[in-house]
Every structure is written in structure tokens, then in C-alpha cells.
Amino acid sequence: MAEKKVIAVVGATGAQGGGVVRAILADPGGGFTARALTRDVNSDSAKALAQLGAEVVQADIDDEASLERAFAGAYGAFCVTFFWAHFSPDTEIAQAGNMARAAKSAGVEHVIWSTLDDMRQWVPLTDDRMPTLGGRWKVPHFDGKAEANHLFTDAGVPTTFLQTSFYWENLIYFGMGPQRGEDGTLAITFPMGDRKFPAIAAADIGKCAYGVFKRGGELIGKTVSIAGDHPTCAQMAASLTKALGEEVRYNEVPPDVYRSFGFPGADDLGNMFQVMRDFEPEFSAPRDLDAARALNPELKTFDDWLAENASRIPLG
Ligand SMILES: NC(=O)c1ccc[n+]([C@@H]2O[C@H](COP(=O)([O-])OP(=O)(O)OC[C@H]3O[C@@H](n4cnc5c(N)ncnc54)[C@H](OP(=O)(O)O)[C@@H]3O)[C@@H](O)[C@H]2O)c1
């Protein structure tokens, strides 16, 4: 039997990378094996990956030499940055550069770069319908990733650009689940009007990425945009009502109000939702559900995700 191809996975103890590792390990006959990168090989989550059968190695995306060592001998690499750990697009760009150069020197044959759309293609900095943030960005956690795309191409790394979507897990971990209003009724609050809100189960990002690796070189040089479903917020509220057995309303707010909520990143997310709302066809259409399902036949809809996760959503 041919030797298995190693996929080095950045962020392996996290949502996206963890999904990639588990997708590879769930398919022992698939011809690939997972190398999990972590800053701490002794953490409980790193040990759990080793127990599942992953090779676990130390690397920090701030440290190019550590990435070169971790990528050595790998056929593929899944590369992701961690905006919410520092809120800096410039840091993401620097880290993407480290990963691109390390992949090139290690001779990696296929990189998947987990990126996002440059929202400035639809709302340029001169457009004052929303504030410019940090002098250069409309949606910092999107625009910085998009600005880093060329670093992979410039380094000569065979790359697939994977444009992901909002995770429904944000309803569990990011305080975006239903909250009780003054009248005691639960509501989800988004500035999305009646537009489609493309999103995905976090684990499906990893499964789609694995699907990209399984296609061989077919998707190198291509942008692949993924989502698991495109419900409106009113449809999400209806699904939540059914899954929780209690009425959940959609509390539609204007983007300005969302930006003023004051939690860290509220301005970034307010701008993000506003672009998704105002440029819905442009944002949603590339996130074609059939194409994502072709990469990952287990792709979950919002209702599928709720069937497994509704009981984990904290009700505020
Ligand atoms: N939340 C969403 O809805 C959403 C949607 C689309 C895209 N995104 C993007 O997804 C990215 C985050 O991915 P995620 O959700 O998979 O992250 P995550 O679940 O927060 O995972 C972070 C993992 O990355 C590792 N890590 C952190 N800093 C590192 C460093 N300097 N070097 C190496 N590893 C490091 C940590 O592992 P160790 O401690 O083991 O090293 C940690 O377990 C963000 O950039 C965000 O913009 C998020």
C-alpha cells in the first residue's frame, strides 16, 4: 500500500483545525494522515488528539522556523490564523507570511489557506455607510485574511483559498444565542434584515477542507467558498423555536445599534453583518450548498446542527 500523505494542521486543538484532524482520522483508508500542530504538546487537548491517532508536534505561527520543522515532510498543510486572540489584521498577515514561506521551504505540495472575503470590494474605504476601522479596514477579521492571500501565491505555494462562514457554534460560545427580553421572551439579535445568513457547523469546515485535499491538485489556485445553510434570521428563530420547544423571536436591529453594543469586536461584526445584508447575493451565491456538499456529503443544515446542539445553547 502507498505511504499515507501527511497533512500538517495548524490550530489542530481549535474549531477549524480540529475538524480537519478529525475528518482525516475518521477516514483511515483515505490515504492521508494528520499531523496536529499546537503550541503545547502537553495540553489536554493536544493529548486527546494524540489518543485519536494524530501525530502531535509543537509549532507557533509567530515562529517561522517552528513551522518549517512542523511542515517538513508533509504533503499538505491546513493554515489558519486566530483573529480573536489579538484583534489585529496586521498580525494575521504576518502569520500568514510565516506559514506561506515555511510551506515553500518545506516543499508542501498543497496548502489550504482558511481565508475570508475582502469586504472592501463591496464597501470601499471611501464609502461612509459604515465606519472605517483601524484606518485600513471595513471588516478587519475578513479584510486582513483576504489581504494575506497573495502571500501564498507570491511564495509559490500551491494553494486553495477556502472562504469559510460564520459558525453556528457562536450561538453557544460567543454570546450570540437567544437572550431573554424584558417580557421574558427569547430572541436572537442580528442586523441582517430579512436577508440570507450563510453559516456552517464548525466541524464541517474541516470536513470540506479534507474534501479539498482528497481532490488532489484539482482545486489548487481556486477559491472555494463554503456554507452549510442560508437561512434568514427569521427562519433561524423559527428553527430555534422548534428545537428548544420555546418561542424564539428575531430581534432585528440596525447595524449602528449592533456596533454600539460595546463588546470587543462589536464594530467589526456590525460592519460584517451590514455587508452580508447589503450584498447578500454577492456574498451568498459563491457559498453554494451543493458544491460544499460535494466536498463533504455530511454537511449539516441549521436544523441538522440544532438537532445535535440545541441543548448546548445557553439561554441568556
Ligand atoms: N467564529 C466564527 O464564526 C468564524 C467564522 C469564520 C472564520 N473564523 C476565523 O477562524 C479563525 C479562528 O479559527 P478557530 O475558530 O478554529 O480557532 P480556535 O477554535 O479559537 O482555535 C484556536 C487554536 O489555535 C491555536 N493557536 C492560537 N494561537 C496560536 C499560535 N500563535 N500558533 C499556533 N497555534 C495557535 C490554539 O492551539 P494551542 O493552544 O494548542 O496552540 C487554539 O486551540 C479566526 O481567525 C476567525 O476570524 C471564525
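All of these numbers come straight from a predicted model, not from anything done at the bench. Note that these values count all heavy atoms, side chains included, but never hydrogens, waters or copies made by symmetry. As the structure lists them, so they are numbered: ligands from 1, and atoms in each ligand from 1.
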Just checking, Arg277 and Phe273: is the charged tip under 6.0 Å from the six-membered ring centre and within 45° of the axis? no

Non-neighbouring partners of Asn149 that pass side-chain hydrogen bond (donor to acceptor under 3.5 Å, both in side chains), sequence neighbours left out: Trp113, Thr115

Considering residues at least two apart in sequence or located in another chain, which fulfil the side-chain hydrogen bond (donor to acceptor under 3.5 Å, both in side chains) criterion with Asn98? Arg101

Please, which pairs that meet side chain to side chain donor-acceptor pair (under 3.5 Å) have at least one residue in residues 288-297, sequence neighbours excluded? Asp204-Asn296

Under 3.5 Å, side chain of Asp127 to main-chain N/O of Pro124, donor-acceptor pair present? no

Is the distance from the ring center of Tyr210 to that of Phe78 below 6.0 Å? no

Can you give me a line-by-line list of nitrogen or oxygen pairs between ligand 1 and the protein shorter than 3.5 Å?
unit_1	atom_1	unit_2	atom_2	d
ligand 1	1 (N)	Asn170	OD1	3.3
ligand 1	3 (O)	Tyr167	N	2.9
ligand 1	3 (O)	Asn170	ND2	2.7
ligand 1	10 (O)	Gln16	NE2	3.0
ligand 1	10 (O)	Tyr167	OH	3.1
ligand 1	15 (O)	Tyr167	OH	2.8
ligand 1	16 (O)	Ala15	N	3.2
ligand 1	16 (O)	Gln16	N	2.7
ligand 1	19 (O)	Ala15	N	2.8
ligand 1	28 (N)	Arg39	NH1	3.4
ligand 1	31 (N)	Asp60	OD1	3.0
ligand 1	32 (N)	Asp60	OD1	3.4
ligand 1	32 (N)	Ile61	N	2.9
ligand 1	37 (O)	Thr13	OG1	2.7
ligand 1	39 (O)	Arg39	NH2	2.8
ligand 1	40 (O)	Thr13	OG1	2.7
ligand 1	40 (O)	Thr38	OG1	2.5
ligand 1	41 (O)	Arg39	N	2.8
ligand 1	41 (O)	Arg39	NE	2.8
ligand 1	43 (O)	Thr13	OG1	2.5
ligand 1	45 (O)	Thr81	O	2.8
ligand 1	45 (O)	Phe83	N	3.0
ligand 1	45 (O)	Lys145	NZ	2.9
ligand 1	47 (O)	Lys145	NZ	2.7

